[in-house]
Amino acid sequence: MPSLKEKFASQIPGIREELKVLHAEKKDKVISSVTVEQAFGGMRGVKAMICDTSVVDPGKGLIIRGIPILEGLTDKWPEQIFWLLLTGEMPNDAEVKSLQKDYADRCDVPDYVWKVLKAMPKESHPMAMLNTAILVMEYESQFRKRYTEGMKKSNYWEPALEDSLRLLAVMPGIAAGVYRIRYGKGDPIPYDKNLDWGANYATMLGIPDPSGEFKKLMRLYLPLHCDHEGGNVSAFTCHTVGSALSDPYYSVSAGLNGLAGPLHGLANQECLGFVLEIKEKFGGAPTVEQLKKFAWDTLNGGKVIPGYGHAVLRCPDPRFIAFLDFGKKHCPEDPVFKIVQMIFEHIPAVLIEHGKAKNPQPNVDAGSGALLYHYGLKEFPYYTVLFSVSRAMGMCSQLIINRAIGTAITRPKSVSTEWVKANA
Ligand code: HAX
């Protein structure tokens, strides 16, 4: 069976040669310039790093290795997506099985992880628990061990891949364990080596799923959140920490700490809170007038409408559309889902009138919570953990590629306000 490691190893000489030629031909070409506004404004739009796993087109959304997410990726399993992210090719059945075996061989969560999680304060945020668990597993890092032994630079990718496979293999188990420990659902449920990665996560959460639809939702959710090019807070953080040759446990944990911010991954917990607040306040779906007034009150109170707006996108996020389609098919009458639809129909106009957000349309976080809620996963502070399990695929694939191509340590130049005054 061809393994992911063999496949990627076979691609490395070609990738390195291509980059050598590209550098020689184009190294002095200018691809971006920076205004003072961008320097103060989160470097928005500055082209200053390379990411080949995916790109985000403002008008089309997420494109993984040349394939727009709505054009043939929403029915793919997470194993296929991780293979695609790393190699640029869709795996065949044997290759999927080989990756599933890689995960099955590495899926046991060490006891010390459970001990640490159980020792944390009972009210800990699930993201703090997840990221702590990943960090304590750094103890096992092959990358750090091999680096300490004096590994050659050309081999960095190999233990980066090994650590990533181990991390991805334990990630659903740890994440599901966080849910069960944090919310008193009972002991963690072990990984079923005969099930795929997505169905395993659904099963290990322990959510009753007689129809199998929750598994379907997880198989959709995990591909949809997997990657969003290189400059978003979590990917960029992971990239930067990894560029110091911190191993994948350090790097992914750091990236996920960024995902835990309310302007990034935590928005999905905030979104459902927003929807439920509306449902509670109006005793169900509001009228259009009530909804608009509620949105205006939120904006006038200095708060954002969670799940709306985006740093790059300028269209309804196709990942939101994929969730909307799932909801229309599987739970069209669900009252919370109906409010999500209503917000989509009426809130963009409010944001346009408000005149601040450059993109008044929904992002990925606007709809997923309602679906999770429908299937009984109601503890919404947990939602960013689900996002994290998925996003770990993007982070790990970017890390492995960066170690294979010898990406340099991140070190942009900062300037002082005085410097701007004197020189800009
Ligand atoms: N509601 C109200 N105001 C909004 C807004 C929203 N949904 N989206 C943007 N704005 C405001 C910004 O706060 C900013 O106001 P100030 O000038 O007063 O600072 C102004 O509009 C311009 O912002 P922008 O250029 O359109 O957006 P940014 O690139 O600065 O920020 C954000 C992008 C996603 C952070 C932003 O749209 C936002 O806060 N949205 C709500 C939170 C959210 O949904 N986050 C999840 C994003 C997807 C993601 O990363 N998931 O992980």
Side-chain angles (χ1 to χ4, degrees), residues 35 37-46 51 54 56 58-59 61-62 69 127 130-131 221-238 255-275 277-278 291-292 294-323 340 343-344 346-370 372 380-395:
T35 63
E37 187 184 12
Q38 287 172 310
F40 277 103
M43 299 185 279
R44 199 73 81 258
V46 178
C51 171
S54 68
V56 178
L62 174 63
I69 189 80
M127 282 301 287
L130 177 73
N131 295 347
Y221 189 104
L222 294 171
L224 287 186
H225 290 77
C226 70
D227 202 38
H228 222 222
E229 67 175 38
N232 62 77
V233 167
S234 48
F236 186 61
T237 305
C238 180
L256 295 180
N257 287 330
L259 198 73
L263 295 189
H264 194 15
L266 206 76
N268 60 7
Q269 100 168 40
E270 306 233 319
C271 280
L272 188 64
F274 183 74
V275 177
E277 202 184 327
I278 293 172
L291 178 65
K292 285 186 171 172
F294 188 84
W296 274 113
D297 289 347
T298 304
L299 293 168
N300 292 335
K303 291 188 271 182
V304 294
I305 307 285
Y308 281 72
H310 201 271
V312 178
L313 290 175
R314 294 296 176 259
C315 64
D317 190 332
R319 300 170 299 171
F320 169 80
I321 301 298
F323 281 130
V340 167
I343 294 174
F344 178 42
H346 301 287
I347 294 303
V350 172
L351 281 168
I352 290 170
E353 200 183 330
H354 183 242
K356 272 189 158 187
K358 294 194 186 66
N359 176 31
Q361 298 294 342
N363 60 56
V364 67
D365 294 323
S368 55
L372 297 167
F380 47 87
Y382 182 75
Y383 290 175
T384 312
V385 173
L386 294 145
F387 192 154
S388 304
V389 173
S390 170
R391 190 50 68 90
M393 291 191 282
M395 291 188 198

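None of the values given here were measured: they were computed from a predicted structure. Counting convention: from 1, in listed order, for ligands and their atoms alike.
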Specify the protein heavy atom at minimum distance from [atom]: its residue, its atom name, and the distance to 0.1 Å.
atom	answer
atom 38 (C) of ligand 1	Y308 O, 4.0 Å
atom 51 (N) of ligand 1	D365 OD2, 2.9 Å
atom 1 (N) of ligand 1	I305 N, 2.9 Å
atom 25 (O) of ligand 1	K358 NZ, 2.8 Å
atom 31 (O) of ligand 1	R44 NH2, 4.3 Å
atom 13 (O) of ligand 1	V304 CG1, 4.2 Å
atom 10 (N) of ligand 1	A357 CB, 3.7 Å
atom 47 (C) of ligand 1	N363 ND2, 3.4 Å

Heavy-atom nearest neighbour of atom 49 (C) of ligand 1 within options H264, K356, R319: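 Nearest option to atom 49 (C) of ligand 1, by heavy atoms: H264.
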
Give yes if a backbone or side-chain nitrogen or oxygen of [X] is under 3.5 Å from a nitrogen or oxygen of ligand 1, and no if not.
X	result
G307	yes
G265	yes
L263	yes

Any protein heavy atom nearer than 4.0 Å to atom 19 (O) of ligand 1: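 Not a single protein heavy atom is under 4.0 Å away.
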
Whether H310 and H228 hold their rings parallel, tilted or perpendicular, with breakpoints at 30° and 60°: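 Rings of H310 and H228: perpendicular, as their planes differ by over 60°.
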
Chi angles and distances behind the side-chain hydrogen bond (donor to acceptor under 3.5 Å, both in side chains) call for N257, N131: CA-CA 7 Å; N257 287 330; N131 295 347; 2.6 Å; yes

Side chains of V340 and F320 in contact at under 4.5 Å (non-hydrogen atoms):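 Side chain of V340 against side chain of F320, heavy atoms only: contact under 4.5 Å found.
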
Check: Y308 ring centre within less than 6.0 Å of F274 ring centre: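 No; F274 has its ring centre 6.0 Å or more from that of Y308.
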
Y221 and F387 aromatic centres sub-6.0 Å: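 No, too far apart.
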
Part of L299 with heavy atoms under 4.0 Å of ligand 1, whether side chain, backbone, both or neither: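 For L299, only side-chain atoms sit under 4.0 Å from ligand 1.
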
